[in-house]
Amino acid sequence: MNFQDIIQKLNQYWARQGCALAQPYGPEKASAEFSPAVFFGALRPGPSAFACVEACRRPAGPARQYQYQVFMKPPAPDMQRVCAGAFRAAGLDLAEHDLRWIPEDWSSPALGASGPGWELRLDGQPFARFVYLQAVASRPLDGPAALLTCGLERLAMAAQGKRDVMQLRWTDRLTYGDVHGGAHEQFSRYDLEEADAQGLRALFSVCEREVPRLASAGCWLPAFDLLLKASYSMDLLAARRSLSADDKPAMVKRLAAMAGRCADACAAKGGRHG
Amino acid sequence: MVKRDALLELRFENLPAAAVVSCCARLKELAPGLLGAAGLAYDGVEAFGTCKRLALLASGVSSAGGRDRAAAKSLAAVFPRLAASLSSGPGMSWDDSGLLFPRPLRGLLALYGDGPVAFSLGGLKSGRVTSGLDALGARRVSVTCAEKYFAELARANVVVKQDERLASMRRELAALSKRMKLVVEPDEELLQAHLYLAECPVWVLSGFSQELLSLPRETLRRAMKELLFFPVTDQKGAPQPYLAGLRDGVSRGQRNVEEGFRHALEDSLRARLACRG
């Protein structure tokens, strides 16, 4: 199954489970867990269910990583079995591989998000995470929510038997390298050598200043976008080795404070956008 | 007097190892008192666990009057109390049942001899059906009687008793070392970790690039441990470019798993090599 067929099969599968098929969200993020749909979907009262592909940027990692994300509140009945069904739908024969669910207590300190779950390893390599979210922005949720984040490249490499991501069949005519060739070298150079550390620190501060103002004005969604930019700036600074051992924890606390302001503003309006 | 075994299985989404150990201890601790209070005599009580299920076996159970139906009726009151007692420790919620367990509860099996013990908990109803090994599709297993539970699960590739799983892992590890004429280091901590990560642990041997042996021994060991792999040395203790790991399942697609393990370790070691400059 080629890469885009895998995405289509996953979309069909999760649509059958009742998920809305969302589209990737714009601002850079290192991980799909930073999607505003997850953050606010978890905080707002009432049910929510969506699935989408997110193009994530991990500084100093591959130029782009596609993560398939599913958020369900409440979770589907027997959610773990449903997730295993999704991997099968994507072409993975689980009897031909070793899929392990390694229990963990997951948390994202920057988002104040946490919950018990598992790191999923496929043939020894981490490829997905499944969490039963219990809190977001350090606030307990009004009901359980399930969050699955799956690395599409890893899934496709196992399904296609490829070692080199660039050799993945994106379509029956084009490879992953045909679609994304050259990007990795440029973005690695930017991340590790060219990114302006001073500018990134300034951007972080601007975002930090603007988030409370926007949140107070009822614009918590644009405020969250700025939180994403601040978070990504921090990741780039880390890749440039411009953060001391104390800098990063301090910046994470500042991000958590921004997340708290966004959550408060959302809650003040009962989670309604208008 | 009729004596039959009584079996309670609680099936979960994958449990942390510490939860399996503490829940088994709690079941074994509470069961005698609850059985006795219900007027049930028994020969012995044992609790077993895997990452997916907890099983309590009360062997040679009989009621005071010696009647099957009375024993089954008493067990229908004892079993849910035992199960609910595990909900008093640290746990999570996953639906609106109000139950808190370390991970979601997904199935209940309860038998007295060959008869089902009927009760409900958290919206689940007990029966005689459970699931086999996840890797083989978690196929439905209908258990004929409590006395045959372990054998029937074994035929479904699930080794429920932790002592048996550990003994099998050690036996196969020794056989692997002998076959290779090398030494797979039997790290106790890793063996215990794997004990509660697989219901059917099967050894996998793989190699990695010889150049990576240039890394300090402690770096190699740490990288392997993070990936749950066992280092391999020769008879004199010199590290060898091999790793041993465990998979959960039968040996179909063994090559996929060997390759995956190798790539996982090589990626990790190359990242460490790059950091050293």
Side-chain angles (χ1 to χ4, degrees), chain A residues 60-61 72-85 87-88 92-105 114-127 130-135 140-146 154 157-164 192 241, chain B residues 12-20 51-52 90-97 101-104 106-107 123 131 133-138 193-194 196-198 201-202 204 206 227-229 243 245-268:
Chain A
M72 294 189 87
K73 181 182 159 209
D78 209 354
M79 186 81 192
Q80 192 183 45
R81 185 189 53 77
V82 172
C83 290
F87 304 143
R88 287 195 182 89
L92 205 58
D93 181 350
L94 294 178
E96 297 276 330
H97 295 272
D98 180 45
L99 177 64
R100 299 296 198 95
W101 297 70
I102 313 282
E104 64 174 8
D105 286 315
S114 61
W118 301 268
E119 177 189 79
L120 278 68
R121 291 189 192 177
L122 185 61
D123 301 332
Q125 300 172 85
F127 102 109
F130 180 88
V131 179
Y132 282 107
L133 279 176
Q134 306 284 291
L141 305 189
D142 69 333
R154 185 75 72 200
M157 286 162 78
Q160 293 184 18
K162 300 287 186 196
R163 168 65 173 138
D164 179 356
L192 299 175
R241 298 182 196 237
Chain B
F12 292 91
E13 293 184 0
N14 295 53
L15 291 161
V20 178
C51 50
K52 298 288 294 189
M92 57 163 284
S93 68
W94 63 93
D95 58 17
D96 54 11
S97 67
F101 281 109
R103 289 295 187 274
R106 294 300 183 199
S131 295
L133 193 67
D134 271 359
L136 297 179
H194 277 289
Y196 297 109
L197 283 175
V202 169
V204 176
S206 190
L227 293 167
L228 304 175
F229 297 153
L243 66 94
L246 285 151
R247 67 179 290 189
D248 188 13
V250 299
S251 53
R252 268 172 59 187
Q254 192 80 340
R255 189 62 190 227
N256 292 329
V257 184
E258 288 167 9
E259 290 291 300
F261 282 10
R262 177 166 67 88
H263 296 151
L265 182 61
E266 286 184 347
D267 288 350
S268 172

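Letters go in sequence order (proteins before strands), and every chain restarts at 1. Because only heavy atoms are used, hydrogens play no part in the values below, and waters and symmetry mates are left out as well, while side chains stay in.
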Is the backbone N or O of [Y] less than 3.5 Å from a side-chain atom of [X], with the two atoms forming a donor-acceptor pair by type?
| X | Y | value |
| --- | --- | --- |
| A/Trp118 | B/Asn14 | yes |
| B/Arg103 | A/Gly117 | yes |
| B/Glu13 | A/Gln80 | yes |

Go through the atoms of [X] and report whether side chain, backbone, both or neither lie under 4.5 Å from a heavy atom of chain A.
| X | value |
| --- | --- |
| B/Leu15 | backbone |
| B/Pro104 | side chain |
| B/Asp96 | neither |

Once you round to the nearest 0.5 Å, how far does [atom1] of [X] lie from [atom2] of [Y]?
| X | Y | atom1 | atom2 | answer |
| --- | --- | --- | --- | --- |
| A/Gln134 | B/Met92 | CD | CE | 5.0 Å |
| A/His97 | B/Arg252 | NE2 | CZ | 10.5 Å |
| A/Asp78 | B/Asp95 | CG | CG | 11.5 Å |
| B/Leu228 | A/Arg121 | CG | CZ | 5.0 Å |
| A/Gln125 | B/Glu259 | CD | CD | 10.0 Å |

Fill in: Winner by heavy-atom pair count (cut-off under 4.5 Å) against chain B, out of A/Ala145, A/Gly115, A/Pro103, A/Gly124
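Answer, by heavy-atom pair count under 4.5 Å with chain B: A/Pro103.
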Worksheet item: CZ of A/Arg163: more than 12 outside heavy atoms within 6.0 angstrom?
Response: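 Count over threshold, so yes.
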Practice prompt. Give, as side chain, backbone, both or neither, the part of A/Pro116 having an atom under 4.5 angstrom from any heavy atom of chain B.
Written response: both
Worksheet entry | A/Ile102 portion near chain B, given a 4.5 angstrom heavy-atom threshold | both
Response to the item:
With chain A, the option among B/Leu197, B/Leu246, B/Asn256 that has the most non-hydrogen atom pairs under 4.5 Å is B/Asn256
Item to complete: Give a yes or no on whether a salt bridge exists between A/Arg88 and B/Asp134, defined as a side-chain N under 4.0 angstrom from a carboxylate O.
Response: no
Practice prompt. Report yes if the side chains of A/Asp98 and B/Val204 come closer than 4.5 Å at any heavy-atom pair, otherwise no.
Written response: no
Discussion item. As a quick check of understanding, evaluate side-chain contact (heavy atoms from CB on, under 4.5 Å) for A/Arg100 and B/Asp248, giving each step before the final call.
Written reply: CA-CA 7 Å; A/Arg100 299 296 198 95; B/Asp248 188 13; 3.7 Å; yes
